[in-house]
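All remarks here apply to the structure that follows.
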Protein chains: 2
Amino acid sequence: MHATTATESLTRSVEDYLKAIYRLSPEGRPASTSDIAHLLELSAPSVSGMVKRLSELGLLEHIPYKGVQLTDSGRRAALRMVRRHRLIEVYLVQFLGYPWDAVHVEAERLEHAVSDTLVERMAAALGHPAVDPHGDPIPEADGSIREPACTPLSELDVGDTVEILRVDEREPERLRYLASLGLIPGAVVRVEDRQPFGGPVTVEAAGARQVLGQELAHVVLCGAEGVR
Amino acid sequence: MHATTATESLTRSVEDYLKAIYRLSPEGRPASTSDIAHLLELSAPSVSGMVKRLSELGLLEHIPYKGVQLTDSGRRAALRMVRRHRLIEVYLVQFLGYPWDAVHVEAERLEHAVSDTLVERMAAALGHPAVDPHGDPIPEADGSIREPACTPLSELDVGDTVEILRVDEREPERLRYLASLGLIPGAVVRVEDRQPFGGPVTVEAAGARQVLGQELAHVVLCGAEGVR
DNA sequence: TCTCATGATTAGGCAACCCTAATTCGGGAT
DNA sequence: ATCCCGAATTAGGGTTGCCTAATCATGAGA
């Protein structure tokens with residue numbers, strides 16, 4: 001009990017690695033070093049090297065040639081960064097008039113610079129929001145997080161009427177496009193048509209019919225339960 | 001016309017050097033490398049090395065064994081950081097309830113992470129304030145700055161009644177102490193007594209008499225004109 | 001003019017991170 | 001049981017920025 005306690009004073013790039021590994025290992029399944037390299041846009045050897053360092057720091061466990069898994073300490077540090085990132089995003093939208101497509105980049109830098117105090121003051125000013133502007137849940141300060149069950153729009157059946165819960169996309173262009181179609185968290189959409197084999201999905205949203213390619217439809221996550 | 005334009009993408013430590021040099025060279029008088037080292041708490045050789053790099057970047061001019069002076073480009077970059085720092089301080093006080101003794105440390109990290117966009121949004125939300133919580137003037141976005149004439153409390157004469165304009169101190173303990181005495185920007189104080197040779201100064205502030213040692217008295221800067 | 005203290009610079013190293021090139025491992029297909 | 005491809009790791013380098021120890025310049029005073 002020491003590595004499990006010290007969340008502070010990690011470098012910026014360590015924080016980025018932890019966030020990436022967290023993102024790549026839902027339910028704690030191991031992440032591959034090449035996936036990490038791809039996500040962070042780094043070379044594979046850079047990741048191998050850093051992985052060794054992180055495992056020496058007790059932040060993850062590494063089985064060579066197999067994969068990487070966060071320890072409790074590592075997961076806690078990762079969730080701390082996720083909380084910061086998402087709270088900053090909400091803050092920028094609510095208090096500084098940022099559009100939802102611009103918050104990610106800004107939060108990506110700020111999350112490494114804010115103090116815990118500042119994060120909690122922002123959370124309080126916002127009334128402790130549960131989700132960020134893209135609908136992603138914000139971990140609590142104690143590290144707990146509740147991932148709501150979601151189904152991609154691309155996997156719904158014709159006739160389903162559902163609420164959009166999350167939009168798992170960060171590219172500003174696409175976010176602006178989705179918003180222009182009314183496809184934002186909270187919106188209710190009905191699947192009008194769906195072509196097989198990853199073909200386009202037609203939905204009714206904001207009173208208009210929209211045709212979505214597979215890529216975009218895959219990114220729009222909806223409540224599992226239908227809306228009456 | 002290249003080095004004069006590119007303010008972007010300087011590293012954190014380059015930004016810190018420029019700020020330090022700016023602070024050490026009022027009226028463009030050259031700064032010594034050892035003063036820089038002292039202010040940044042670095043070794044002298046580290047500064048020598050960085051100074052060479054900065055002069056290659058066209059941010060300053062270095063006459064070996066003499067001193068260092070910012071170029072226009074360097075001064076612009078420095079003022080950009082000062083603007084960020086001071087605006088962030090005001091923002092933290094106004095919108096997030098920070099006490100004035102805590103803002104410096106937080107701003108010191110944030111100033112390197114915020115985008116120009118964010119800075120200007122904060123400035124707008126604040127109504128484009130002219131000074132930070134310590135009374136230091138905030139440079140305009142175009143790099144202009146007006147330093148009001150100030151006299152340290154320690155140099156006033158008995159009987160002078162003046163307004164406190166700035167408090168040039170960052171140590172939280174001392175800032176809290178000064179505030180507890182009512183010695184904050186905007187306060188009006190009267191010099192009741194002053195011992196010679198750097199002895200204590202007695203002032204009347206917030207309806208009470210306060211005795212200040214030389215160090216503190218030197219840090220409280222007052223309007224040059226007396227208040228009637 | 002010469003000496004020497006003080007301040008500045010050069011020499012030589014170290015840690016964090018990144019890269020490309022070369023090598024090695026693991027597991028499916030023959 | 002082997003071969004082999006792709007994924008992963010090791011080898012070897014580069015940059016940024018910091019440090020200590022050693023050397024050197026400057027200007028004040030003898």
Side-chain angles (χ1 to χ4, degrees), chain A residues 3 6-21 24-25 29-70 74 77-78 81 108-109 111-113, chain B residues 3 6-21 24-25 29-70 74 77-78 81 108-109 111-113:
Chain A
T7 30
E8 302 307 331
S9 81
L10 302 176
T11 68
R12 192 208 151 104
S13 81
V14 166
E15 290 172 342
D16 283 337
Y17 273 92
L18 294 177
K19 251 197 338 172
I21 294 165
L24 290 171
S25 43
R29 246 181 298 104
S32 76
T33 55
S34 57
D35 285 351
I36 300 169
H38 187 257
L39 184 57
L40 294 177
E41 302 185 81
L42 297 173
S43 70
S46 298
V47 173
S48 270
M50 180 60 92
V51 156
K52 196 186 324 170
R53 214 127 41 76
L54 294 182
S55 81
E56 277 157 14
L57 286 173
L59 293 165
L60 51 80
E61 262 165 84
H62 180 210
I63 306 178
Y65 294 98
K66 289 298 184 182
V68 140
Q69 244 176 306
L70 293 177
M81 297 313 292
E108 201 66 16
R109 272 174 292 106
E111 63 187 7
H112 305 290
Chain B
T7 29
E8 303 306 331
S9 82
L10 302 175
T11 67
R12 192 207 151 104
S13 80
V14 166
E15 289 172 342
D16 283 338
Y17 273 92
L18 294 176
K19 251 197 339 171
I21 295 166
L24 290 171
S25 44
R29 246 181 296 103
S32 76
T33 56
S34 57
D35 285 350
I36 300 169
H38 187 257
L39 184 56
L40 294 177
E41 302 185 80
L42 297 173
S43 70
S46 298
V47 174
S48 270
M50 180 60 91
V51 155
K52 197 188 323 175
R53 216 130 37 79
L54 294 182
S55 81
E56 278 156 13
L57 287 173
L59 293 165
L60 52 78
E61 263 165 83
H62 180 209
I63 306 177
Y65 293 98
K66 289 297 183 181
V68 140
Q69 244 175 307
L70 294 177
M81 297 314 293
E108 200 67 15
R109 273 175 291 106
E111 63 187 7
H112 304 290

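Numbers restart at 1 for each chain; the letters A, B, ... are given by sequence-line order, proteins then strands. As a basis for the values below, the full set of heavy atoms in this structure was taken, side chains included, without hydrogen atoms, waters or symmetry mates.
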- Could you give the distance from NE2 (A:His112) to NZ (A:Lys19), rounded to the nearest 0.5 Å?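 Reported to 0.5 Å precision, the distance equals 5.5 Å.
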- Query: Could you give the distance from OG1 (A:Thr33) to CE (A:Met50), rounded to the nearest 0.5 Å?
  - Reply: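 Answer rounded to 0.5 Å: 14.0 Å.
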- Tell me, which of residues 42-56 of chain B have any heavy atom that sits under 4.0 Å from an atom in DNA chain D?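 Result for residues 42-56 of chain B: B:Leu42, B:Ser43, B:Pro45, B:Ser46, B:Met50, B:Arg53, sorted by number.
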- Tell me whether the OP1 or OP2 atom of D:dT16 has a side-chain N or O from B:Tyr17 closer than 4.0 Å.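 For D:dT16, OP1/OP2 do not have a side-chain N/O of B:Tyr17 under 4.0 Å.
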- Query: Would one find a side-chain N or O of A:Ser34 under 4.0 angstrom from OP1 or OP2 of D:dG6?
  - Reply: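 No.
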- First contact, last contact: which nucleotides of DNA chain C are these for chain A, 5' to 3', heavy-atom distance under 4.0 Å?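 So the contact region on DNA chain C extends C:dA16 to C:dG27.
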- Query: Separation of B:Glu41 atom CD from D:dC19 atom P, in whole Å?
  - Reply: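 Going from CD in B:Glu41 over to P in D:dC19 covers 10 Å.
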Under 3.5 Å donor-acceptor pairs involving side-chain atoms of residues 55-68 of chain B, not counting sequence neighbours:
residue	atom	partner	partner atom	Å
B:Ser55	OG	B:Lys52	O	3.1

- Start with the C-alpha gap between B:Tyr17 and B:Val51, add the side-chain angles, then the distance that decides, and say whether side chain to side chain contact (heavy atoms under 4.5 Å, CB included) holds. CA-CA 9 Å; B:Tyr17 273 92; B:Val51 155; 5.5 Å; no
- Query: Mind checking what makes salt bridge (charged side-chain N to carboxylate O under 4.0 Å, His left out) contact with A:Asp16, not counting sequence neighbours?
  - Reply: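 Scan of A:Asp16 (salt bridge (charged side-chain N to carboxylate O under 4.0 Å, His left out), adjacent residues dropped) gives A:Arg12.
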- With sequence neighbours left out, what residues match B:Arg109 under salt bridge (charged side-chain N to carboxylate O under 4.0 Å, His left out)?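 Partners of B:Arg109 under the salt bridge (charged side-chain N to carboxylate O under 4.0 Å, His left out) test: B:Glu106.
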- Base, sugar-phosphate, or nothing: which does B:His38 touch, judged by heavy atoms less than 4.0 Å apart?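 Touches nothing.
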- Item | Test side chain to side chain donor-acceptor pair (under 3.5 Å) applied to A:Thr11 - qualifying residues, sequence neighbours left out |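 Per chain and number, A:Thr11 pairs via side chain to side chain donor-acceptor pair (under 3.5 Å) with no residue.
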- Task: Can you sort out the partners of B:Ser13 under side chain to side chain donor-acceptor pair (under 3.5 Å), two or more places apart, ordered by chain and number?
- Result: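 Partners of B:Ser13 by the side chain to side chain donor-acceptor pair (under 3.5 Å) criterion come out as none, since no residue qualifies.
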- Item | Residues that B:Ala20 engages under side chain to side chain contact (heavy atoms under 4.5 Å, CB included), provided they are two or more places apart |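 Per chain and number, B:Ala20 pairs via side chain to side chain contact (heavy atoms under 4.5 Å, CB included) with B:Leu39, B:Leu40.
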N/O to N/O distances under 3.5 Å, protein versus nucleotides 26-29 of chain D:
residue	atom	partner	partner atom	Å
D:dG27	OP1	B:Lys66	NZ	2.5

- Pairs satisfying side chain to side chain donor-acceptor pair (under 3.5 Å), at least one member in residues 39-49 of chain B, at least two apart: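 Residue pairs passing side chain to side chain donor-acceptor pair (under 3.5 Å), neighbours aside: B:Ser43-B:Ser46.
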